[in-house]
Peer 1: 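Dropping the structure in here first, questions after.
Counting from 1, the numbers follow the sequence of the chain as shown.
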Amino acid sequence: MMKEMQSLSMEKLLEEIRYDQGRYPREALDELIKRREESIPELLKIVELVSVSPGLFTDTPSRFDHIYAVLLLSQFQAADAFAPYLRTLQLPDDTAFTLYGDLLTNCGGRILANLYSGLAVMESDLVSFPELDAIFDLIDDTSLDELIRGVGFQAITALVRQKKISRELIQYYYHDLLQGDLDDESGILYTLLIDSCMELDFRELSDDIMSVFEEKRADGSMIAPDDVEAHFNDGTMLDKEDQYKPITNVHEELDGWYEWGR
C-alpha cells in the first residue's frame, strides 16, 4: 500500500483524504508528511477554501480533508495557516462546530498554538503581537458560542505552557478579564478562564477568582471555589498535560476520535 502511495501524484494523494471512505487513510497521511514541502501549499489551499466557502464542506458531511489539512499543517507548524484557520473559527452561525465537531474542543486551541509564529510588530515605539491580539478577539467575539470562544483560552494556556508567550503578559490580561472585562452571561467562559488560571498556576489572581465566584459569574457546577483553593494551596496541578502539549503526530490526535481511526 505504501508503494502505491509513493507513486501517486499530489492531486491523487489529496483525493485519498478528501472524503470519509470508511477507513483511516494512514498511508496517505504518512506520504503527505513524507512530502512535506510539496504538500504544504496544497494543504493551505484547503484551509483557505474552507474559510471562504465553508458550504463546500458542510453540505458534504463525508468531506474530511479540511480536518486532515489543518492537523497536518499544525504538525508542520505552518504559520501561514494561522489566519485562515482562525477565520474559520469565527464563521457565523457557529459553523466551526459543524466543520470540526469534537476536534474543536479537544485540540482546537493546540492547533492555534502550533500555528502561532510569534510575529511581533513595532508600532509607535510599542511592540504588538497581531496573532495574540487575534486570539483575544476570538475570546471577545460575543456572536460565537462560548465553547468556540473558549478555544482561545485553550490556545493561550498551551502557548504559555510551551513558553511561546509571556506568562506575565497573560496574567495581566487575565486579571482584567476577571475584573469584569469578559462578556459572558452563561458563566462558561469565566469557568474556562478560571481553569486556565489554575493550569498556569496564577495563584496571584486568587482574590480575583474568588470575586467571580461570589458574584456568580462562573458555573459553580463545573468548578468550585474549594477546588481552586485546594489547587493553589497544595500546588496540585490539574491532570491535563496532554491537552496543552504541541501537536507532533497527526495519528495520535485522530486515534480514537474516529472508531475506524484506531
Side-chain angles (χ1 to χ4, degrees), residues 5 8-33 35 38-76 78-112 114-115 134-135 137-152 154-155 186 188 247 250-262:
M5 292 298 166
L8 291 181
S9 66
M10 181 56 61
E11 180 181 358
K12 291 294 185 182
L13 196 56
L14 292 172
E15 288 179 4
E16 289 288 318
I17 67 167
R18 187 160 298 150
Y19 300 104
D20 173 8
Q21 302 179 43
R23 59 178 176 77
Y24 182 57
R26 180 179 295 272
E27 292 82 6
L29 293 171
D30 282 339
E31 187 63 21
L32 286 166
I33 293 169
R35 299 194 217 171
E38 183 186 0
S39 66
I40 285 177
E42 301 305 319
L43 296 171
L44 281 170
K45 290 177 184 177
I46 297 171
V47 176
E48 287 279 0
L49 182 62
V50 73
S51 73
V52 296
S53 300
L56 294 175
F57 300 81
T58 57
D59 293 344
T60 310
S62 62
R63 188 156 184 180
F64 271 67
D65 53 341
H66 59 296
I67 293 174
Y68 296 129
V70 78
L71 279 170
L72 285 169
L73 290 168
S74 179
Q75 178 173 327
F76 298 155
D80 286 344
F82 181 92
Y85 173 60
L86 190 59
R87 287 198 301 270
T88 304
L89 296 183
Q90 295 176 296
L91 287 169
D93 303 318
D94 298 324
T95 301
F97 273 139
T98 306
L99 289 166
Y100 295 111
D102 290 342
L103 194 74
L104 193 65
T105 50
N106 289 341
C107 65
R110 288 169 55 228
I111 291 172
L112 269 181
N114 261 51
L115 299 175
I135 295 174
D137 289 342
L138 174 67
I139 293 171
D140 289 341
D141 192 342
T142 57
S143 71
L144 299 174
D145 183 272
E146 288 84 358
L147 292 179
I148 295 178
R149 295 168 65 191
V151 169
Q154 293 177 24
S186 68
I188 294 174
I247 292 173
V250 64
H251 302 309
E252 289 182 359
E253 302 303 325
L254 291 171
D255 183 35
W257 194 61
Y258 308 115
E259 288 183 2
W260 44 269
R262 290 187 178 278

Peer 1: Is the shortest side-chain heavy-atom distance between Asp137 and Leu86 below 4.5 Å?
Peer 2: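 They are not in contact (no side-chain heavy atoms under 4.5 Å apart), so the answer is no.
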
Peer 1: Please report the closest heavy-atom contact between Pro54 and Val52, naming both atoms and the distance.
Peer 2: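 Scanning both residues, the minimum pair turns out to be CD-C, 3.4 Å.
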
Peer 1: Flag the pair Tyr68 / Pro25 as yes when at least one side-chain heavy-atom distance between them is below 4.5 Å, and no otherwise.
Peer 2: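 Counting from C-beta outward, Tyr68 and Pro25 do come under 4.5 Å.
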
Peer 1: Do you know which two heavy atoms are closest between Ala96 and Leu104, and how far apart they sit?
Peer 2: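 What the structure gives for the nearest pair is CB-CD2, 4.0 Å.
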
Peer 1: Donor-acceptor pair, distance only, cut-off 3.5 Å: does the side chain of Ser74 make one with the backbone of Asn114?
Peer 2: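 No; judged by distance alone, with no hydrogens or angles, the pair does not exist.
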
Peer 1: Please identify each residue that fulfils ring-ring contact (aromatic ring centres under 6.0 Å, His included) with Phe76, with sequence neighbours left out.
Peer 2: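 In terms of ring-ring contact (aromatic ring centres under 6.0 Å, His included), with neighbours along the sequence ignored, Phe76 is linked to no residue.
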
Peer 1: Of Thr105, Val50, Val151, which meets side-chain contact (heavy atoms from CB on, under 4.5 Å) against Tyr100?
Peer 2: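 Only one option passes, and that is Val50.
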
Peer 1: Okay, side chain of His66, backbone of Phe57: is any donor-acceptor separation there less than 3.5 Å?
Peer 2: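 Side chain of His66 to backbone of Phe57: no pair is present.
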
Peer 1: With Lys45, which residues qualify under side chain to side chain contact (heavy atoms under 4.5 Å, CB included), at least two apart?
Peer 2: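 Glu42.
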
Peer 1: Nearest 0.5 Å, what's the CZ-CG distance between Arg110 and Leu112?
Peer 2: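 Going from the CZ atom of Arg110 to the CG atom of Leu112 covers 12.0 Å.
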
Peer 1: Please round to the nearest 0.5 Å and tell me the distance separating atom CD1 of Ile67 and atom CD1 of Ile46.
Peer 2: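 Nearest 0.5 Å value for the CD1-CD1 distance: 11.5 Å.
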
Peer 1: Determine the minimum heavy-atom distance between Gly152 and Leu138, stating which atoms define it.
Peer 2: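 Heavy atoms of Gly152 and Leu138 come nearest at N-CD2, 3.8 Å.
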
Peer 1: Quick one, Leu71 and Gln75 - any side-chain contact, counting heavy atoms below 4.5 Å?
Peer 2: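 A side-chain contact under 4.5 Å is absent here.
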
Peer 1: Between the side chain of Tyr85 and the main-chain N/O of Gly108, is any donor-acceptor distance below 3.5 Å?
Peer 2: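 Yes; at least one donor-acceptor contact below 3.5 Å.
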
Peer 1: Can you name the residues that form a side chain to side chain contact (heavy atoms under 4.5 Å, CB included) with Thr98, not counting sequence neighbours?
Peer 2: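 Only Thr58 meet the side chain to side chain contact (heavy atoms under 4.5 Å, CB included) criterion with Thr98.
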
Peer 1: With rounding to the nearest 0.5 Å, note down the distance linking CG in Leu29 to OH in Tyr24.
Peer 2: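 One gets 5.0 Å once the value is rounded to the nearest 0.5 Å.
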
Peer 1: Applying the side-chain contact (heavy atoms from CB on, under 4.5 Å) test to Leu8, which of Glu31, Glu16, Glu15 qualifies?
Peer 2: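 Single pass found, and it is Glu16.
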
Peer 1: Identify the heavy atoms of Pro84 and Ser51 that sit nearest to each other, and give their distance.
Peer 2: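 Answer, listing the atom of Pro84 first, then Ser51: O-CB, 3.4 Å.
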
Peer 1: Is the closest side-chain heavy-atom distance between Ile40 and Leu72 below 4.5 Å?
Peer 2: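 The answer is no, as the side chains (C-beta and beyond) never meet within the 4.5 Å cut-off.
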
Peer 1: Could you pull out all residues at least two apart from Ser143 that satisfy side chain to side chain donor-acceptor pair (under 3.5 Å)?
Peer 2: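 Result, side chain to side chain donor-acceptor pair (under 3.5 Å) vs Ser143: Asp141.
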
Peer 1: Supply the atom-to-atom distance Thr88 OG1 to Leu49 CG, rounded to the nearest 0.5 angstrom.
Peer 2: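 If we round to the nearest 0.5 Å, Thr88:OG1 and Leu49:CG are 9.5 Å apart.
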
Peer 1: Per the salt bridge (Lys or Arg N to Asp or Glu O under 4.0 Å) rule, what does the pair list look like for residues 86-101, sequence neighbours excluded?
Peer 2: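 Residue pairs passing salt bridge (Lys or Arg N to Asp or Glu O under 4.0 Å), neighbours aside: Glu48-Arg87.
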
Peer 1: Does any part of the side chain of Glu252, heavy atoms only, come nearer than 4.5 Å to the side chain of Ile247, both counted from C-beta?
Peer 2: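 Counting from C-beta outward, Ile247 and Glu252 never come under 4.5 Å.
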
Peer 1: Nearest 0.5 Å please: distance from the CE atom of Met10 over to the CD atom of Glu38.
Peer 2: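 Rounded to the nearest 0.5 Å, the CE-CD separation comes to 3.5 Å.
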
Peer 1: Considering only heavy atoms from C-beta outward, does the side chain of Arg149 approach that of Leu89 to under 4.5 Å?
Peer 2: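 SC-SC contact between Arg149 and Leu89 ruled out.
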
Peer 1: Identify the heavy atoms of Ala78 and Leu115 that sit nearest to each other, and give their distance.
Peer 2: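 The answer is O-CD2, 3.3 Å.
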
Peer 1: At what distance, to the nearest 0.5 angstrom, does CD1 of Ile135 lie from CZ of Phe82?
Peer 2: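 Ile135 CD1 to Phe82 CZ: 4.0 Å, rounded to 0.5 Å.
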
Peer 1: Which pairs, with at least one residue in residues 63-74 and sequence neighbours excluded, count as a salt bridge (Lys or Arg N to Asp or Glu O under 4.0 Å)?
Peer 2: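 Only Arg18-Asp65, Arg63-Asp65 qualify under salt bridge (Lys or Arg N to Asp or Glu O under 4.0 Å).
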
Peer 1: Decide yes or no on side chain to side chain contact (heavy atoms under 4.5 Å, CB included) for Glu253 and Ile111, but give the supporting numbers first.
Peer 2: CA-CA 11 Å; Glu253 302 303 325; Ile111 291 172; over 6 Å; no

